[in-house]
Each structure stands twice: as C-alpha cells, then as structure tokens.
Amino acid sequence: MTTETDQTDDLLSAERLERLNSNLALIDDLTKRMVAAMGRKKQADHGLQGPGQDLYAKMAAAYVAEMAANPAKIIEQQVGYWGKSLKHYVEAQQQLAAGKLTPPEDKGPSDRRFQNELWDTNPYFNFIKQQYLYSSEAITSAVSDLPDLEGADKGRANFFTQQIVDMLAPTNFLATNPDALSKAVETDGESLVRGLQNLVRDIEQNDGDLLVSLADTEAFTVGENIAATEGSVVFRNHMFELIQYAPTTDKVKETPLIIFPPWINKFYIMDLKPKNSLIKWIVDQGYTLFIVSWVNPDETYADVGIDTYVDDGYLTAINEVKKITKQDQVNAVGYCIAGTTLSMVLSLMERRGDTSVKSATLFTTLTDFEDAGEMEVFLDDDFVDGIERQVDEKGYLHSYFMSRTFSYLRSNDLIYQPAIRNYMMGEAPPAFDLLFWNGDSTNLAGRFVVEYLRRLCQRNQFAKGEMEILGETVSIDTVQTPVCAIACETDHIAAWKGSFNGVKQFGSEDKTFIVSQSGHVAGIINPPSKNKYGHYTNEDVSGDADTWLADADFNEGSWWPRWEKWLLSRSGQEIKARKPGLKSHPILEKAPGTYVLPKATS
C-alpha cells in the first residue's frame with residue numbers, strides 16, 4: 001500500500017515538475033517576444049507622459065511656504081502619520097509576542113481593493129495594507145491642505161497625487177497580492193504564464209506601448225453580433241459615411257432624425273447588442289433614422305480642422321438627409337464633442353438664416369468650458385503643448401493617447417484592476433460589448449485636436465462669442481433652436497453642472513434639461529427594459545445648477561421614453577415608412593459600412 005502511494009506521489013511530483021519546466025520555457029519565449037515588441041515602441045513627446053515640472057515646482061514651493069508659515073500644522077501631520085504607523089506596528093508585535101498569528105483589529109474604512117480575507121487575517125498582508133492606507137491618507141492630506149495652491153493648480157496637484165497613490169497600491173504588485181500568489185501556487189505557475197501571454201499580446205497589439213485590454217477582442221465582430229441593426233450606407237465622402245436605418249414600423253414620423261456621434265470613438269456605442277441599442281430603439285419608435293459614421297483619420301488628415309468637420313461633415317450630412325427624405329428640416333442629435341460642434345453649427349445656421357434643424361438634442365455635451373470637470377487636469381499648456389508638438393510631427397493624434405487619458409480618469413477601474421485580472425491572475429478579459437467598444441477608439445485629425453483644445457477648452461471662445469467658423473463668428477447665446485440636453489450625474493468627461501451652465505446660456509426659449517444617473521456612457525445607454533438608472537427633471541433652467549437639482553423631480557427608469565415624447569411633438573405627422581436610399585442616393589453597402597471597421601481610414 002505504501003509503495004503504491006509513493007509511486008502515485010512520485011508520478012504527481014514528476015507531472016508537476018514537467019509542467020513547471022514547460023511553464024518556465026514558455027516564460028522564456030514570452031519574455032523574448034515582449035522585449036522585441038517593446039523595441040518597436042515609438043517615442044512620444046515628453047509632454048504627453050505627465051504634467052510639466054512647473055506643477056511639481058509649485059507644489060514644492062507651496063509645501064515649503066506652509067512649513068515656514070505654519071510649522072505646527074506640518075509637524076502635526078507628520079506626528080499623526082508616524083503615530084498611526086508606530087501604533088499598528090506595536091500592536092502587531094504584541095499579537096505575535098502573545099503567540100497569536102493574527103493581526104490587530106482593523107477599524108479602518110473598507111476598501112474594495114482589499115476584499116481577500118487575508119488582508120484582514122494574515123499579519124503580513126494586514127501590515128502592508130494598513131501601512132499603505134496610512135501613507136495614502138498622509139500624502140493626499142498633505143497636498144490637499146496646501147493653502148498656497150488654488151484653482152486649477154490645486155485640482156491638478158490632487159489628481160496626480162492620487163494617481164501616484166493608486167499606482168503604488170500593494171494589490172498592483174505580485175509579491176504583495178494574496179489573490180495572485182494563491183492562484184500561482186494553485187496552478188503551478190500557469191496563471192503567471194497566461195498573465196504574461198496577456199501582457200505580451202497587449203504590448204504587441206499597441207506597438208510596444210501598454211494599453212490594458214478591457215474586453216475579449218475575439219468575442220465581437222462589428223456588423224455581426226455588434227453594430228448589427230439593419231441599415232444601409234447611402235452617402236460617403238472623405239469625412240463620413242451616412243447610414244440610413246431600415247424601418248421596423250409601417251408608419252414613420254415625417255421629420256427625419258440624424259445622429260452625430262463623437263469622432264473620438266465609433267458610433268456603435270449606440271448600437272451594441274439589440275437589447276441595449278439606442279439606434280434600434282429609436283427605429284422601433286417609428287423614426288427615419290440616419291447616423292454619421294466618421295472616418296478614422298491618419299496623417300493625410302493633418303489639415304482637417306473644425307471648419308472641415310462643420311462644412312464637409314455636419315452641413316453636408318444634414319443637406320443629404322433633406323434630399324433623401326425630401327424634407328426641409330431635420331431633427332439632430334449630438335453626443336459629447338459632436339454635441340459641442342452641433343451647437344456651434346446651430347449658431348452658424350442662425351447667422352446664415354438657415355432653418356434646416358428643427359430641434360436639437362445634446363448628449364453629455366459641454367458648450368461652456370469654464371467648468372471642464374475632471375478633464376481640466378489635462379488641459380494646461382504642458383499637455384496641450386505636447387499634443388501640438390506630437391501632431392505637428394505625425395499629422396494626427398493616435399487613439400492610444402486619448403484611450404490612456406480617459407483610462408486615468410478612472411485608473412483603478414480601467415487600468416489597475418483589469419491589469420491585475422489579466423496579468424497577475426492570468427484571466428481572459430470579459431466578453432463585454434461596452435468595453436469592447438471602449439477599446440475600439442479612433443485617431444484625431446491634427447489641426448482639429450489643436451483647435452479644439454486651444455479655442456474651446458482653453459480659451460472658451462464659443463461661450464465668449466469669439467469663435468470663428470467658416471468666416472462667421474458663432475456664439476452660445478445666438479442658438480435659438482429648441483434643445484433637449486441630457487447630462488449624466490457622475491460624468492467624469494462632461495460634468496453635468498458644466499453642461500447645464502452651457503445650455504442655460506442658449507438663446508432658445510424652448511430648453512429642456514435632464515440629468516441621468518450614472519456616467520458618460522452608462523447614463524446615456526440606459527434602455528427602458530433594464531429599469532436600472534433613473535433621471536432628474538426640472539422645467540426651470542433659470543437658476544444655477546445646484547438650485548436646479550435641489551428642485552428637480554426624480555423619475556424611476558430610463559430617460560429615453562421622456563425624450564421620445566419631447567421629440568415626437570417636433571417630428572410632424574406620420575407617413576408611410578421610408579426605405580433606405582433613393583435613385584439619387586443608391587445603397588453603397590450594408591450598415592455599418594467600412595469607416596467603422598478597424599484600419600478603415602479612407
């Protein structure tokens with residue numbers, strides 16, 4: 001019996017040793033691939049790598065000034081930090097001296113990064129966690145309490161300090177992550193091999209740069225199981241493809257609807273799976289729907305600026321929809337940056353006496369950049385100068401930089417947690433349609449990105465009445481079109497209060513403002529069938545944002561039906577449903593077209 005058991009143990013040990021050796025060989029091969037991939041990395045302008053040295057100099061000067069002016073405060077902060085650290089160290093030693101292999105009681109606030117029970121029950125991991133939390137609190141408090149830092153400098157100092165604190169979390173390192181260590185032991189190192197495979201794949205896919213994959217790129221195919229609502233491309237120029245969707249009702253509203261999506265990402269955020277497709281839902285309500293699918297710019301679009309997007313984009317698309325539907329007016333929707341540009345187009349049309357847009361809907365749109373929200377930390381000259389130098393050299397801003405920027409606004413959710421799951425745990429990214437879209441980003445045309453950042457984000461020219469487009473000066477207060485604006489309560493890209501402040505300045509007598517729960521994407525892509533996020537409404541937009549919200553009514557469920565009711569009253573009578581295209585506008589191909597596909601740049 002003993003012999004059989006020994007033989008079995010020997011066999012298992014041999015199998016484990018063979019698996020371990022195989023994993024080591026794989027690691028060697030993967031390491032060589034990673035080095036080769038990193039060797040292909042192209043140098044980017046230093047201004048895109050982090051804030052300028054002037055911010056750190058201001059922080060250091062403010063800290064020294066505070067030490068001189070209020071030394072007791074600085075000493076109190078230091079004593080408080082060291083006191084907590086020493087107390088926890090002594091308590092841990094006392095537990096060990098008493099023969100208890102348990103940490104002292106943890107009375108601190110919970111942190112979802114430390115969900116593994118070992119963070120609370122194991123003395124080693126508990127000590128690391130507590131010291132990290134004490135250090136984090138001390139660092140962030142020291143920066144946030146500096147009185148000589150004000151306004152944008154203070155916001156940037158707090159933001160980038162938090163970035164450093166989040167980066168140094170013990171969960172982000174293999175040696176201090178109990179979940180990853182346990183998984184490595186359980187799998188004889190196979191989880192680390194899979195993680196390295198995931199890491200090498202991401203570096204190879206981004207030509208030497210690292211951008212963490214958030215979703216399984218093999219799970220979706222654009223035009224098949226995502227962006228698959230039936231429609232046709234009925235017009236194409238160098239800036240966009242115009243898609244007309246096939247009707248699903250016998251009757252449609254007379255006035256057509258055209259959606260302008262942001263060209264920072266692709267349009268199918270509004271056409272994911274059928275159950276959460278805003279596009280399909282609109283068509284099912286009986287509207288003739290068109291959407292613009294923007295081209296993905298390359299170096300040949302270096303001279304394309306705001307004027308080109310307006311003239312060859314918006315004005316052309318609206319004109320083509322009018323021709324196809326034989327209507328004098330359209331209803332228009334603009335999402336994010338496309339809503340900003342649509343607002344400027346409305347002002348331009350007002351200057352020209354053009355009444356082609358009957359009503360406008362704005363999704364998560366800023367038109368007054370006085371309050372740019374969390375994005376403001378990236379709008380100082382250090383970053384913008386770096387972007388300008390980069391596009392002067394390349395002709396465009398690569399999608400990598402925008403993806404990385406937006407990820408750092410939610411670094412724990414969009415960088416560190418996915419990295420832990422992918423690289424340390426060796427797990428495959430989830431098959432999640434929204435995250436798949438998030439990773440399918442686009443480049444930005446060189447002239448446009450500089451004009452947008454300089455003229456709108458930094459100088460706020462549209463709100464100040466100083467913005468020139470196609471030879472006309474456009475201004476926020478000249479917009480007279482009926483408008484419905486939907487902002488999102490926790491939006492980190494277009495803060496809802498900033499959106500409200502812009503809409504309030506429109507010259508329109510007919511203004512509706514809605515705040516959806518959740519963020520920049522989830523608050524908009526919120527189908528009624530899910531009954532997930534509610535929304536706030538208040539007809540009075542004359543006061544400030546805080547007053548508006550304080551007096552607003554909260555409504556359960558999606559804002560989509562409320563908006564559709566608003567749109568219905570501005571869409572004319574019902575007519576026989578229109579099929580895509582005309583003799584003058586033959587069907588060029590099925591939706592979603594070619595511009596939306598990977599590598600499509602012309």
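What you are looking at is a predicted structure, and each value in this text was computed from that prediction instead of being measured.
Taking a cutoff of 4.0 Å between a charged side-chain nitrogen and a carboxylate oxygen, Arg201 and Glu204 do not qualify as a salt bridge. Ion pairing between Arg570 and Asp510 holds under the 4.0 Å rule for side-chain N and carboxylate O. Salt bridge annotation for Glu589-Arg236: present, with a cationic side-chain nitrogen under 4.0 angstrom from a carboxylate oxygen. No salt bridge links Lys464 with Asp368; every basic N to acidic carboxylate O contact stays at or beyond 4.0 Å.
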Checklist entry - Given Glu466 and Arg455, is the salt bridge (charged side-chain N to carboxylate O under 4.0 Å, His left out) satisfied, shown in steps? => result CA-CA 9 Å; Glu466 300 169 355; Arg455 298 169 64 185; over 6 Å; no
Next on the checklist: For Glu254 and Ser571: C-alpha separation, side-chain torsions, deciding distance, then whether side chain to side chain donor-acceptor pair (under 3.5 Å) applies.
Outcome noted: CA-CA 6 Å; Glu254 187 175 27; Ser571 297; over 6 Å; no
Next on the checklist: Using the rule given for side chain to side chain donor-acceptor pair (under 3.5 Å), can you reason through Glu320 versus His585, listing the C-alpha separation, both sets of side-chain angles and the distance that settles it, and then say yes or no?
Outcome noted: CA-CA 9 Å; Glu320 296 304 321; His585 290 75; 2.5 Å; yes
Item to check | Worked check of salt bridge (charged side-chain N to carboxylate O under 4.0 Å, His left out) between Asp385 and Arg454 | outcome: CA-CA 10 Å; Asp385 288 349; Arg454 294 294 190 198; 2.6 Å; yes
Item to check | Worked verdict on Trp559 versus Phe363 for ring pair (Phe, Tyr, Trp, His ring centres under 6.0 Å) | outcome: CA-CA 12 Å; Trp559 56 267; Phe363 296 164; 5.4 Å; yes
Next on the checklist: Is there a ring pair (Phe, Tyr, Trp, His ring centres under 6.0 Å) between Phe240 and Trp263? Walk through the geometry before answering.
Outcome noted: CA-CA 10 Å; Phe240 69 93; Trp263 44 93; over 10 Å; no
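For the ring-ring contact (aromatic ring centres under 6.0 Å, His included) with Tyr309, the lone residue among Tyr452, Trp294, Tyr301, Tyr314 that qualifies is Trp294. The side-chain contact (heavy atoms from CB on, under 4.5 Å) with Tyr287 is formed by just one residue from the set Leu568, Thr255, Thr249; it is Leu568.
Surrounding CE of Met38 are at most 12 heavy atoms belonging to other residues, nucleotides or ligands under 6.0 Å away. Residue Lys590 places its NZ atom among 12 or fewer non-hydrogen atoms of other residues, nucleotides or ligands, all under 6.0 Å distant. Annotation for Lys280: atom NZ does not count as buried by contact number, only 12 or fewer foreign heavy atoms lying within 6.0 Å. For Glu370, the CD atom sits in a loose shell: 12 or fewer heavy atoms of surrounding residues, nucleotides or ligands are nearer than 6.0 Å.
The nearest pair of heavy atoms linking Leu346 to Ala360 is CD1-CB, 3.6 Å. Leu366 approaches Ala372 most closely through the heavy-atom pair CD1-CA, 4.1 Å. Residue Ser277 comes nearest to Asp271 through the heavy atom pair OG-OD1, 2.7 Å, listed as atom of the first residue, atom of the second, then distance. Nearest approach of Ile291 to Pro261, heavy atoms of both residues: CG1-CD, 4.2 Å. Here the closest non-hydrogen pair linking Phe383 and Gly50 is CZ-C, 3.5 Å. Of all non-hydrogen atoms in Tyr423 and Leu211, the two that sit nearest each other are OH-O, 4.4 Å.
The shortest distance between side-chain heavy atoms of Gln461 and Leu456 does not fall below 4.5 Å. Within the 4.5 Å cutoff, side-chain heavy atoms of Ile337 are placed close to those of Ile264. Considering only heavy atoms from C-beta on, Asn276 comes within 4.5 Å of Asp433 through its side chain. In this structure the side chain of Gln205 reaches within 4.5 angstrom of the side chain of Ser213, judged on heavy atoms. Residues Leu414 and Val212 fail the side-chain proximity criterion, which asks for heavy atoms closer than 4.5 Å. No side-chain heavy atom of Asn443 sits less than 4.5 Å from a side-chain heavy atom of Met402. Here the side chains of Thr473 and Met467 are not in contact, with every heavy-atom distance at 4.5 Å or above. Side chains of Arg562 and Ile514 form a contact here, defined as non-hydrogen atoms less than 4.5 Å apart.
A distance-only check finds a donor-acceptor pair linking the side chain of Glu241 to the backbone of Tyr595 [under 3.5 Å]. Between the side chain of Ser558 and the backbone N or O of Trp560, at least one donor-acceptor pair lies under 3.5 Å. A distance-only check finds a donor-acceptor pair linking the side chain of Asn460 to the backbone of Phe369 [under 3.5 Å]. Under a 3.5 Å cut-off, the side chain of Thr288 and the backbone N or O of Pro256 do not form any donor-acceptor pair. At least one donor-acceptor pair under 3.5 Å links the side chain of Asp216 to the backbone N or O of Glu218. The backbone N or O of Val483 lies less than 3.5 Å from no partner atom in the side chain of Lys511, so there is not a single donor-acceptor pair. Side chain of Lys253 to main chain of Gln285: a donor-acceptor pair is present (N/O by atom type, distance under 3.5 Å, no hydrogens or angles). Checked by atom type and distance alone, the side chain of Asp312 never pairs as donor or acceptor with a backbone atom of Thr308 at under 3.5 Å. For His492 (side chain) and Arg410 (main-chain N/O), no donor-acceptor pair under 3.5 Å exists by modelled atom type. Within the 3.5 Å criterion, the main-chain N or O of Ile469 finds no donor-acceptor partner in the side chain of Asp307.
One distance of note links CG of Asn198 with CG of Asp202; it measures 7.0 Å at 0.5 Å rounding. A distance of 12.5 Å separates CG of Asn265 from CZ of Phe267, quoted to the nearest 0.5 Å. Between Ser232 atom OG and Ile243 atom CD1 the span is 9.0 Å, to the nearest 0.5 Å. Leu214 CG to Leu435 CG: the interatomic distance, rounded to the nearest 0.5 Å, is 5.5 Å. Of the inter-residue distances, the one linking Lys326 atom NZ with Arg578 atom CZ reads 10.0 Å to the nearest 0.5 angstrom. Here the straight-line distance linking atom OG of Ser407 with atom CD1 of Ile415 works out to 5.0 Å at 0.5 Å rounding.
Aromatic ring centroids of Phe500 and Phe513 lie under 6.0 Å apart.
The aromatic rings of Phe159 and Phe378 sit perpendicular to each other, their planes meeting at more than 60°, with 30° as the lower class boundary.
With 3.5 Å as the limit, one finds no donor-acceptor pair spanning the side chains of Ser499 and Thr365. Side-chain contact of Asp381 with Gln458: a donor-acceptor pair under 3.5 Å is present, judged by distance alone. Judged by distance alone, the side chains of Asp440 and Tyr268 do bring a donor and an acceptor atom under 3.5 Å apart.
Residue pairs meeting the ring pair (Phe, Tyr, Trp, His ring centres under 6.0 Å) criterion with at least one member in residues 199-234, sequence neighbours excluded: Phe220-Phe436.
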Under 3.5 Å, which donor-acceptor pairs do the side chains of residues 474-481 form with other protein atoms, sequence neighbours left out?
unit_1 : atom_1 : unit_2 : atom_2 : d
Ser475 : OG     : Asp477 : OD1    : 2.7
Thr478 : OG1    : Ser347 : OG     : 2.5
Thr478 : OG1    : Ser475 : O      : 2.7

